Amino acid sequence: MKNTYPFKKIENKWQKKWEQEPLFKERSVSEKRKKYYLLEMFPYPSGRIHMGHVRNYSIGDVVARHKVMNRFNLLHPMGWDAFGLPAENAALKEKVHPAIWTDKNISYMRGQLKKMGFAYDWSREVSTASPDYYRWNQWIFLKLYERGLAYQKMAAVNWCPQCTTVLANEQVEGGNCWRCGTAVESKEIKQWFFKITSYAEALLNDLSGLNGWPEKVKIMQANWIGRSAGVEICFKIAGEDETIPVFTTRQDTIFGATYLVLSAGHSLSAKLVKGTKIEKKALEFINQVRREKLNKTAQTEVEKRGIFTGRYAINPVNQEKIPIWIANYIVMEYGTGAVMAVPAHDQRDFEFALKYKLPIRLVIQNGNNSLALEAMPEAYEGEGNLVNSEKFSGMDSSAAKNKIALWMEEKKIGKRKINYRLKDWGISRQRYWGTPIPIIYCEKCGTMPAAEKDLPVALPKKIEFAYKKGVSPLVADEKFYFTPCPKCGQKARREIDTMDTFVDSSWYFLRFTDSKAQKSLFSPGEANYWMPVDQYIGGVEHAIMHLLYARFMHKFLSDIGMVETREPFSNLLTQGMVIKDGAKMSKSKGNVVDPDDIIDKYGADTARLFILFAAPPEQDLEWSDQGIKGAFRFLNRVWRLVNFPCRREVPEDIAKNLEGVLKRKLHQTIKKVTDDIERFHFNTAISAIMELVNLIFSFSFERPKQGSVLPESPIMAESLRTVVLLLFPFVPHIAAEMWEILGEKETVSRQFWPEFKSELAREEKVTLIVQVNGKVRDKLEIKAGLSEEEIKAKALTQERVRKWLANQEIVRTVIVRGKLVNLVVKPGQQPNNDQEIKDTITKKQ
RNA sequence: GCGGACGUAGCCGAAUUGGCAUAGGCGCUAGAUUUAGGAUCUAGUCCCGAUGAGGGGUGGGAGUUCAAGUCUCCCCGUCCGCACCA
């Protein structure tokens, strides 16, 4: 395009200036201004920023600049979630060390963020891969370990026997290894866990206090935690001392339990059939179910199948002998992995019982006693009144639940229990590029935590990746692997697994409050000043994992006295994806737009403006090349506002409107833009500025080529200055340059946000619409402040209204101040102007 | 299956509390200007009707209300999360 504004020159110039003189200087706790901690989710240094980053950080930057102009003491940091698998994969593929690969990416991406003009306090930059940072991961681990919240247990992992390696869930495709296609097996290995479940209750309860979070995210977290209250009941195995505990939330249906089911993974499943005739068949079934479980591609429900063990359990409430089955529909990971089956009142049990001809017994009757076993096409899962339940018959479900639970506790056959869907957080990764777990195994002393003074347990720089498949590469480094026991000094082995990178990101927001701290992970004073994060912005894909881990970690750090707040993020904005041609941008789809190309062709301001204007932040945003051009066109148009000469003399007719019309619009725009930024409606804020710019151009009175001549007057000058100030948060470079062109000495970022004056925004005349029976018939220009009588009288004199009143009687008049008059009529006599106002409803706006 | 969000013009979207549906942008049409262009300016742009009066219109259907894009119920469709959770 020709004749475009010199965005490259301008953006370069101001980025250099801002490098010398950042928007935020180092802020301190002692500052008197109100604090505001603004945070966008920090990126993984994958190599280049993508449009999702551009969107995320453009949103944040608007808020940042707006807050600075409103004189907040702002914390707006940026850093790098720098550990992770891609670096290690790149190391294998490109023969480059993960640290070098990561550092190179960080410095390129940092440059890209600067090219976008994002205003961060770079003095607080952190990289989670730096020993200064990850040593505190290790410190946190030790504190968790001290309190029994970090522990080791055997856990199933995905294992590829061909590659002899552990696979992440994401690397299992249809039950097969993503690399070699071999069927993945489940393998039990010892792993470290964080006991997030002991915070389940707090994580759930405190959701209700998060008023600044999207309802959707809170619901997702609540579902993920999955609390359910019930009873754990012990069923004796007939002829043995051993019992099988089952968990149920429907203890009111226990008299209807007609069989007991174990999951295939249950330890008793194999044990119960041992030495019996069906042992071989049963074991075959168990293995088959395990394989199916692993192969999780089948998102649809598989057919229920099971096998009778030949053994029986005793229902503790009535001593009834019920058969024990093994079935594929029981989840091992939830509850106890065993379930009492009540086919009449659970659809899954119902289907299973029908298939295997197991007895079904009705024990809950619905409200109108209309349930009959023979006529039931499906289980009745609702509540009702108990029947066939001995002394509990006749009670309603909720009363019976209580009574039965108490009675069981008294008789010691069961106890009330809360179960969670949430499981402990497995943090062991058999990888190099992560935080080493600070644990030492000594043959004599056992599992020993590293001493605090020995932190960081540094990741060795030299590493052989392909030493031994399936084990962390750290095993190859003898200097690392073998270390003296911190207790007895004997030769001992280090833990060679590293931590899940979600550990790194679960507390980085706290590190930012004091990122240079050497003696502790951060000083409580700084953290308590800045926390909580006032506004957190990021993708909704982190609704569960990251946000749950961060809340957990924050609560733990709060419990050990590091920070006072109980929740880390008081407001959360989840921004939508950037999509193109209806799909998320991805290399495989070939629909990626590279931010660098857009910056090069149109400039950072255009990229920012488009992405903020095209859709509100929470919604997905469809990339549009035309839309980018539109944004660019607008900036060129704005540029012309200050780059053509103004005339001294203003024609009289124009001057008259300038004072009234322009001034009012100016103040209305200030109000709208301010409100819209505060509620994150950037698209409408920008459209309001566009309207103001359009109005300013409508006052131009000579049109030489390439532009317009604007009248010179105080209100015009004020309008131009205000447009620039309002634009600054969105498009800072062009705004800074225009501010200078307008002859202002002090830089635009030091300016106050324009002040809205309601008396200047008020319209002299109000346009009321006049409705008859709810249909718009006319518009009425009236002076503000007329009485209802006057308004109605005026409405009745309008020719266009009278037409609709012929042969009608006015039965009601509704007046909404400043908005409308609605005359409700029905056929009758013709009204006259003296007719009394009857049944008038007045509403204030 | 359960939970949630959403459906407005040719396209992106606006309508904050129930009060003129479609602001702003894109695209399109016509004209002006021009170094003939992916520039700029002016006018127009939901549908029917004749450029009028008027009528219709926010996925479909019903309801509440003086008044419904907005509230209630039913249906259709799209997207997201979880998924045999006892």
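Reminder, nothing fancy here: chain letters follow the sequence lines and each chain counts from 1. Everything numeric in this text was worked out from a predicted model, so none of it was measured.
A straight line from CG of A:Leu820 to P of B:rC66 spans 14 Å, rounded to a whole angstrom. At whole-Å resolution of the value, CZ in A:Arg348 and P in B:rG1 are 16 Å apart. Rounded to whole Å, atom P of B:rC41 lies 9 Å from atom CZ of A:Arg633.
Between A:Arg227 and the phosphate of B:rC85, there is no side-chain N or O to OP1/OP2 separation shorter than 4.0 Å. Side-chain N/O atoms of A:Arg812 include one lying less than 4.0 angstrom from OP1 or OP2 on B:rC66. For B:rG19, neither phosphate oxygen OP1 nor OP2 lies less than 4.0 angstrom from any side-chain nitrogen or oxygen of A:Asn822.
Side-chain atoms of A:Lys779 come within donor-acceptor range of the base of B:rC20, with a qualifying N/O pair under 3.5 Å.
With a 3.5 Å ceiling on both atom-pair distances, the Watson-Crick or G-U wobble partner of B:rG44 is B:rC28.
The closest side-chain heavy-atom distance from A:Tyr5 to A:Asn643 is not below 4.5 Å.
Side-chain contact of A:Asn636 with A:Thr4: a donor-acceptor pair under 3.5 Å is absent, judged by distance alone. Looking at A:Arg637 and A:Asn694, their side chains do bring a donor and an acceptor atom within 3.5 Å of each other. Side chains of A:Gln221 and A:Arg551: a donor on one and an acceptor on the other come within 3.5 Å.
As judged by a 4.0 angstrom heavy-atom cut-off over every strand, A:Asn328 is placed among the base-contacting residues. Nucleic acid contact class of A:Thr767 (heavy atoms, under 4.0 Å, all strands): none.
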